[in-house]
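Heads up, the thing below is written out as structure tokens.
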Amino acid sequence: MSTPSAEKPTSEAPLRPVFRWLPRGSHVILALLIVALGLWGHRETLAFRPPADLVETPIRGYGMMGFDAYMQVIAARILTPQDFLATFTEVLTDGRIEAQFYRPVQNLLIAVDYALWGIEPWGYHLTSLIVFGLTILALYAASARMLGPQALIGPVVAALYFGLHPVILNVLPSPARRSDLLVILFLLLILYVLPLGNRRRPWLRLMAAGFLTLLAAGAKDIGVMALGLVFLHQFFFRFEGGVLRSVWRAWLASIPTAVAAGLYMINRTVVLQGFGGYAPREGVPERTYLEKLNDFGGQAVVDVLCPMIFFDTSVLPDRWGALEVGLVALALIVAAALLVAMMLGLSRLTERRRSGVVLILGLAWLIPPTILLGLMNWYGPWYGAIPAAGLGLLLGALTQTGWSLLAGRWYEKVPGLVQLAVVLAVAALPMRYTPLWTHYTEWGRGTVCLQQTLEDLDRQMATAEFGSSLYVKPVAVYEDPPGHRPEHRPRLRWVATMLVKGVQAYAELKYPHKNPKAIYSHQPLARTPANPNQVQIRVRFSEVPTR
């Protein structure tokens, strides 16, 4: 007996609407409200006022934060038609960092920012906030479409979890990290446009999914995971006529996405002349793949599932910390998702089977980032945004199934309550310190340090002559000093500001006529006089902490 298609009517009556009192257009109203909440939580990105004890004059918005922000700007800007073509044929930052990445979509958006704003940070942050808002909308829309017209609470939970998650604090203030949001946005749009059931002309939607795959991969390499998501989506949502036939149909549906991903990978390999990625860091021993995966997995669990423990740690077993609590939360949600997915797969109710499919897609979303990104040499806190989006899908589906069970027969209410309890327990850990109601000062104070460095550099460059040497002392990484770290306030580990190559890129952007050359002051080259056709900028070396 074959499993009915996800779009076919069933013999049982559909679940009764739970929110009858909501007006028509409730999805639009709720989605826009969640976007507004998410953007409000990051309002200081555009309207920051530094503490009075650090600086007298107010600063509007965060600075161009991140180690490679200015490096991406100078490499991505389009000044000639050849620059536009080079957007699709050059390495990210054009060799200015010790890594080889290919992200033409990220480059193109940065180039648009430069054309509109120059090097004014406010405009770049505005673009990032717009992308963030669109990503929340896409998560809500994709969840609502896959869960069905009766689903309301599931999409709300999915979008709220991602939109209010504190891990986004590691992405938004740095334009160079926008690629993580872009890849999430395009992957969610793929899930939204894919056909459900036996709709007419499904190939139009499948071709759109292929084009969006190019954009997702062009934003960040991890976007090629769209191929697996498309296959699973089409296998379950268009299941008909047995497993083998459905596998064949899903494979055929995945052809546009596979072609797009294959073309991207071929072009990427040609541009990078190999696989690319991070080069070995000086002074950091090379680790095995297993060691890298272990480090990435542990850090991602902490950042996504348990960024700060908000209860008394004395109630925990000995040697337990954020990692152990996060692993328990992960085990709970994976166990609940697998159990519910199997249970819903046997259900004849379309709404419930839809929730089971979204659970599977949420679980599948978490695997590629752990494996592919985990092969990097080191973990960055911005990597947590991609798993957070997958967990949002998963929690939304769990919430929807739990709510539907509460509206079902009497024997279904207990498992429904259990599912909702798991969602509440897992979501409570990161939501306790969402930026919506928790104030973080690290990016603001880091902006003050960056602003002081750039003002000092500008002051010296204004009068510098060829052959002269300047000296600046940037703060590469801002960390709150002990006096600004009360234990009751959550805090970020550190925020990235500027390294020597960032000084070089900024000086080239603003003072190209002076042919600036930035070097670390401890290097042997700094002991020799500057070239007569250059302005030498000696930069104090600052150690970058590891996680």
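- Contact annotation: the side chain of Ile360 never approaches that of Leu363 to less than 4.5 Å [non-hydrogen atoms, C-beta and beyond].
- Under the 4.5 Å side-chain criterion, counting only non-hydrogen atoms from C-beta, Leu323 is in contact with Val301.
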Q: Determine, step by step, whether Val304 and Leu330 satisfy the side chain to side chain contact (heavy atoms under 4.5 Å, CB included) criterion, reporting the C-alpha distance in whole Å, the side-chain angles of both residues, the deciding distance to 0.1 Å, and the verdict.
A: CA-CA 10 Å; Val304 177; Leu330 180 63; over 6 Å; no
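- Every residue two or more places apart in sequence or in another chain was checked for a side-chain hydrogen bond (donor to acceptor under 3.5 Å, both in side chains) with Thr434, and none qualifies.
- Between Asp113 and Arg77 there is no salt bridge, since no side-chain N of the basic residue sits under 4.0 Å from a carboxylate O of the acidic one.
- Ser355 places a side-chain heavy atom less than 4.5 Å from the side chain of Leu147.
- Atom NE2 of His42 and atom CG of Leu164 lie 8.0 Å apart (nearest 0.5 Å).
- In this structure, OG1 on Thr135 lies 7.0 Å from CG on Leu182, to the nearest 0.5 angstrom.
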Q) For Leu92 and Met71, what are the C-alpha separation, side-chain angles and deciding distance, and is it a side chain to side chain contact (heavy atoms under 4.5 Å, CB included)? A) CA-CA 9 Å; Leu92 184 72; Met71 287 184 273; over 6 Å; no
Q: For Leu499 and Tyr520, run side chain to side chain contact (heavy atoms under 4.5 Å, CB included): C-alpha distance rounded to whole Å, both residues' side-chain angles, the deciding distance at 0.1 Å, then the answer.
A: CA-CA 9 Å; Leu499 295 174; Tyr520 275 126; 3.9 Å; yes
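- Listed here is the closest heavy atom pair of Phe88 and Asn267: O-ND2, 3.7 Å.
- Considering OG1 of Thr87 and CD1 of Ile78, their distance stands at 4.0 Å, rounded to 0.5 Å.
- One finds the OG1 atom of Thr93 at 8.0 Å from the NZ atom of Lys501 (value rounded to the nearest 0.5 Å).
- Checking side-chain atoms of Trp365 against main-chain N and O of Ile386 turns up a donor-acceptor pair under 3.5 Å.
- Across Ile34 and Val156, no two heavy atoms sit closer than the pair CD1-O, 3.8 Å.
- A 4.5 Å side-chain heavy-atom check between Leu32 and Leu137 finds at least one atom pair inside the cut-off.
- A side-chain donor-acceptor contact under 3.5 Å links Thr401 to the backbone of Leu398.
- By the 4.5 Å heavy-atom criterion applied to side chains, Phe101 and Val91 are not counted as neighbours.
- To the nearest 0.5 Å, atoms CD1 (Ile184) and CD1 (Ile136) are separated by 10.5 Å.
- Taking the six-membered ring where tryptophan is involved, the planes of Phe235 and Phe231 are essentially parallel, since the angle between them stays under 30° and well short of 60°.
- Here the CZ-CG distance, from Arg178 to Leu109, works out to 4.5 Å after rounding to the nearest 0.5 Å.
- Closest approach of Asn170 and Arg177 over heavy atoms only: O-CG, 4.1 Å.
- Residues Met65 and Met498 fail the side-chain proximity criterion, which asks for heavy atoms closer than 4.5 Å.
- Ring pair Tyr62/Trp443 is tilted by interplanar angle, where 30° to 60° counts as tilted.
- Taking every heavy atom of both residues into account, Tyr140 and Pro155 meet most closely at CD1-O, 3.5 Å.
- In terms of modelled atom types and a separation under 3.5 Å, the side chain of Arg268 and the main chain of Met265 share no donor-acceptor contact.
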(Q) As a quick check of understanding, evaluate side chain to side chain contact (heavy atoms under 4.5 Å, CB included) for Leu37 and Leu160, giving each step before the final call. (A) CA-CA 9 Å; Leu37 289 175; Leu160 278 175; 4.3 Å; yes
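- Looking at Thr447, its side chain does come within 3.5 Å of a backbone N or O of Gly63 through a donor-acceptor pair.
- Side chain of Thr453 to backbone of Cys449: a donor-acceptor contact under 3.5 angstrom is found.
- A donor-acceptor pair under 3.5 Å is formed between the side chain of Gln504 and the backbone N or O of Pro516.
- Judged by the 6.0 Å distance and 45° axis criteria, Arg145 is positioned over the aromatic ring of Tyr192.
- The two atoms that bring Leu189 and Ala138 nearest to each other are CD2-CB, 4.2 Å, heavy atoms only.
- Under the 30°/60° scheme for interplanar angles, the aromatic rings of Phe237 and His233 are found to be tilted.
- Using a 4.5 Å cut-off on side-chain heavy atoms (C-beta onward), Tyr433 and Leu169 make no contact.
- With Thr441 contributing its side chain and Gly444 its backbone, the two residues share no donor-acceptor pair below 3.5 Å.
- For Glu90, there are no side-chain hydrogen bond (donor to acceptor under 3.5 Å, both in side chains) partners two or more places apart in sequence or in a different chain.
- Of all heavy-atom pairs spanning Thr213 and Ile190, the tightest one is OG1-CD1, 3.5 Å.
- Not one N or O on the side chain of Tyr124 forms a donor-acceptor pair closer than 3.5 Å with the backbone of Pro175.
- Under a 3.5 Å cut-off, the side chain of Gln234 and the backbone N or O of Ser246 do not form any donor-acceptor pair.
- Under the 4.0 Å criterion applied to side-chain N and carboxylate O atoms, Asp180 and Lys220 are assigned as salt-bridge partners.
- Between Phe162 and Phe132, the ring planes lie tilted relative to each other; the angle falls in the 30° to 60° range.
- Between Leu181 and Leu172 there is a side-chain heavy-atom pair separated by less than 4.5 Å.
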